[in-house]
Amino acid sequence: MSEALSFYNTASRKQEVFEPRQPGVVSMYCCGPTVYNFAHIGNLRSYVFEDLLRRTLEYAGLSVRHIVNITDVGHLTSDADTGEDKMEKGAAREGKSVWDIAEFYTQAFMKDWDRLHLLAPTKWTKATDHIPEQIALVRTLQDKGFAYVIAGDGVYFDTAKFPRYPDFAGLDIRGMQEGARIGVVEGKRSATDFALWKFSPRDSKRAMEWDSPWGRGFPGWHVECSAMAMKHLGQTLDIHCGGTDHIRVHHTNEIAQSECATGKPFARFWIHGAWLLEAPEEKASPAGAAASGGAPSAGPTAGPGKMSKSSGEFVTLDVVLKKGYGAMDYRYFCLTAHYRQYLNFSWEALDTARDSLKSLRRKTDPLIGKAAPISSDAALGWQRRFRAAIFDDLGFPNALGMLNLMLKDPDLSDGEKAGLIADFDRALGLDLTVAEVKAEKALPPELSALLDERRAARQRKDWKRSDEIRDAFKAQGFGVKDNPDGTAQWFTL
RNA sequence: GGCGACAUACCCAAGUGGUAAGGGAGAGCUCUGCAAAAGCUUUAUUCAGCGGUUCGAAUCCGCUUGUCGCCUCCA
């Protein structure tokens, strides 16, 4: 196809034309979750964005080697390399071993992944399966003189040896208030230096620790991604993605350690997804249980804020599902905003997405199975516009507009519309070519009997009785609609 | 304190120099005993405010206001 793919590259702060280094094959690494708790829908937004990127690349005819990591080793809760270990904290909270915690939340994460129709990565990589690679990377950095040891603490990366260190994130190191909110690690040469390997404390045994040339300990937070990405995708990746919050610290550090180790650029494109913001009133809905009594702590004037896991209360996909929304409703919701734009989450907004998807499906469902080749000028034109939209930095909200307009085009046959729906859905991933399996409530027998009575009433034009019965249905959460031929249908409201 | 992002109709949200996509909701019409569903029509002389550049600005520049974020961990 003629249209070029182009994406906004965080590294250059510009949109650039994308072409894989190796023709036809894209290497893509996505920072995955630390599995110490459920993912909330804000986390999930990032994976939906990455899925859209992956699908767009494939839509463009490229094959994608897609690696997503599972961070199943605890890091410290602070980048100053102090504080508690999130995994151990999670284990203590639930009275389980860290390994059980990791397994449990990994499974939960993958379940969400599938429910959202995210394409399975080429490979999931676990941090604990790559300890030797991480040690080797730290070793290389030490051999090349980029690391130093702080006795009793760990091996640190010397950011002063990498002059380009602040460039990626546009850091103003002087302006940063070192230690303003976190403790300063004694012995660090620069505030930005970070741990590559941490030594286990002498007085207590950690649940996860490994032998290394420096003694027993555990890897620093950033090495795992560099080690795994390079092992599976080579020293220079085509695309590395994650949430925007990774830019400053995590990705900056990944670049430093990777490029110092190999002498080569680590990733050609850095693509970051924006956050899902949460309206203050939504924060009162804790995961799992229904909100009870807890008034939002934010004042009435507070605006939406970032959804945060550490606050303890957050909305998970399970909560969304339990409230009666479908996973595709949430996926559609993500599709309505550009990935680099904040998206405000509210139940009202999710309602809108659900209604939109519903009415979209009302148009697409009758066309399921009727797909014909896309060959007319009109059909090709829509396809071209759709491609142009998503190839232009993943313009999915725009593409959704194309879909709607296309469905209204009188110059298109149903077959062509069906063909275009199937074509677009390869990128959208909404499963529009498959009939929706709706978990409808079963109709209670007493209502079923009333349906017959209503039919009789309608035949003798007893509109009063007919309407009474319809009200009875409504009272129990069911709707009734009459067909022109005299029959009636019920549906869940 | 330092750095940055955002501000488009009732709501969500595209558009990034050429005269405001799309969706939801609402309204009107058709259909209907009435509804529902569906179809059609309709909803911003205007893009937070104020200046500037330009033949032309929602789009670029400056200032102001408001909101959010980063500078611990976080998608």
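Proteins get letters first, then strands, A, B, ... in listed order; numbering begins at 1 in each. Quick caveat: nothing in here was measured; it's all calculated off a predicted structure.
Regarding contacts with the backbone of B:A5, every side-chain N or O of A:W275 stays at 4.0 angstrom or more from both OP1 and OP2.
Applying a 4.0 Å cut-off to non-hydrogen atoms, the residues of residues 403-411 of chain A that approach RNA chain B are A:N404, A:L405, A:K408, listed by residue number.
Counting atom types as modelled, A:R45 pairs no side-chain N or O with a base atom of B:A75 as donor and acceptor under 3.5 Å. For a distance-only test at 3.5 Å, the side chain of A:N398 fails to qualify as a donor-acceptor partner of the base of B:A14.
Taking the six-membered ring wherever Trp is involved, the centroid distance between the rings of A:Y325 and A:W347 falls below 6.0 Å.
Considering A:H246, A:H251, A:H250 as possible partners of A:W270, the one that fulfils the ring-ring contact (aromatic ring centres under 6.0 Å, His included) test is A:H251.
For A:R460, the salt bridge (charged side-chain N to carboxylate O under 4.0 Å, His left out) partners at least two apart in sequence or on another chain are A:D462. The salt bridge (charged side-chain N to carboxylate O under 4.0 Å, His left out) search around A:D238 returns A:R268, not counting sequence neighbours. Qualifying side chain to side chain donor-acceptor pair (under 3.5 Å) partners for A:D467, counting only residues two or more places apart in sequence or in other chains: A:R470.
Among the atoms of the strands shown, none is found under 4.0 Å from any heavy atom of A:R354. Residue contacts shown for A:G242 are limited to sugar-phosphate atoms, with no base heavy atom under 4.0 Å away. Residue A:F333 is classed as having no contact, given no heavy-atom separation below 4.0 Å to the nucleic acid. No engagement by A:H272 is indicated, since no non-hydrogen atom pair under 4.0 Å with the nucleic acid exists. Residue A:A337 is in sugar-phosphate contact alone, with no base atom involved, counting any heavy-atom pair closer than 4.0 Å across all strands shown. Looking at heavy-atom distances under 4.0 Å, A:D351 makes no contact with the nucleic acid at all. Looking at heavy-atom distances under 4.0 Å, A:L343 makes contact with sugar-phosphate atoms alone, never a base. Residue-level contact check: A:D355 touches the backbone only, with heavy atoms under 4.0 Å from sugar-phosphate atoms and none from bases.
The CZ atom of A:F333 sits 9.0 Å away from the OG1 atom of A:T352 when rounded to the nearest 0.5 Å. Separation of atoms CG (A:L432) and OG1 (A:T364) is listed at 5.0 Å; rounding is to 0.5 Å.
One can place CD of A:Q15 at 10 Å from P of B:U16, the figure rounded to the nearest angstrom. Here the C1' atom of nucleotide B:C12 and the OH atom of A:Y342 are 18 Å apart, to the nearest Å. One can place CH2 of A:W490 at 19 Å from C1' of B:A35, the figure rounded to the nearest angstrom. Taking atom CG on A:L350 and atom C1' on B:C11, their separation rounds to 14 Å, with Å as the unit.
Residue whose closest nucleotide on RNA chain B sits further toward the 5' end, between A:H250 and A:Y339: A:Y339. Comparing A:L44 and A:S359 by the nucleotide of RNA chain B that holds the closest heavy atom to each, the one mapping nearer the 5' end is A:S359.
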### Task
Begin with the C-alpha distance, continue with both residues' side-chain angles, and end with the deciding distance and a verdict on side-chain contact (heavy atoms from CB on, under 4.5 Å) for A:Q15 and A:D392.
CA-CA 9 Å; A:Q15 194 166 321; A:D392 179 11; 2.6 Å; yes

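Side-chain contact check for A:T159 and A:D193: at least one donor-acceptor pair (N or O, by modelled atom type) lies under 3.5 Å. Between the side chains of A:E16 and A:S6, no donor N or O sits under 3.5 Å from an acceptor N or O. Side-chain atoms of A:D423 and A:Y59 form a donor-acceptor pair, as typed in the model, at a separation below 3.5 Å. Between the side chains of A:Y339 and A:D393, at least one donor N or O lies within less than 3.5 Å of an accepting N or O.
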Strictly under 3.5 Å: I want the nitrogen or oxygen pairs between protein and nucleotides 7-9 of chain B, one per line.
none

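The strand RNA chain B forms stems, runs of 3 or more Watson-Crick or G-U wobble pairs with distances below 3.5 Å, at B:1-7 with B:65-71, B:10-12 with B:22-24, B:26-30 with B:38-42, B:48-52 with B:60-64.
The separation of B:U46 from B:A58, taken at their P atoms, amounts to 11 Å, rounded to a whole angstrom.
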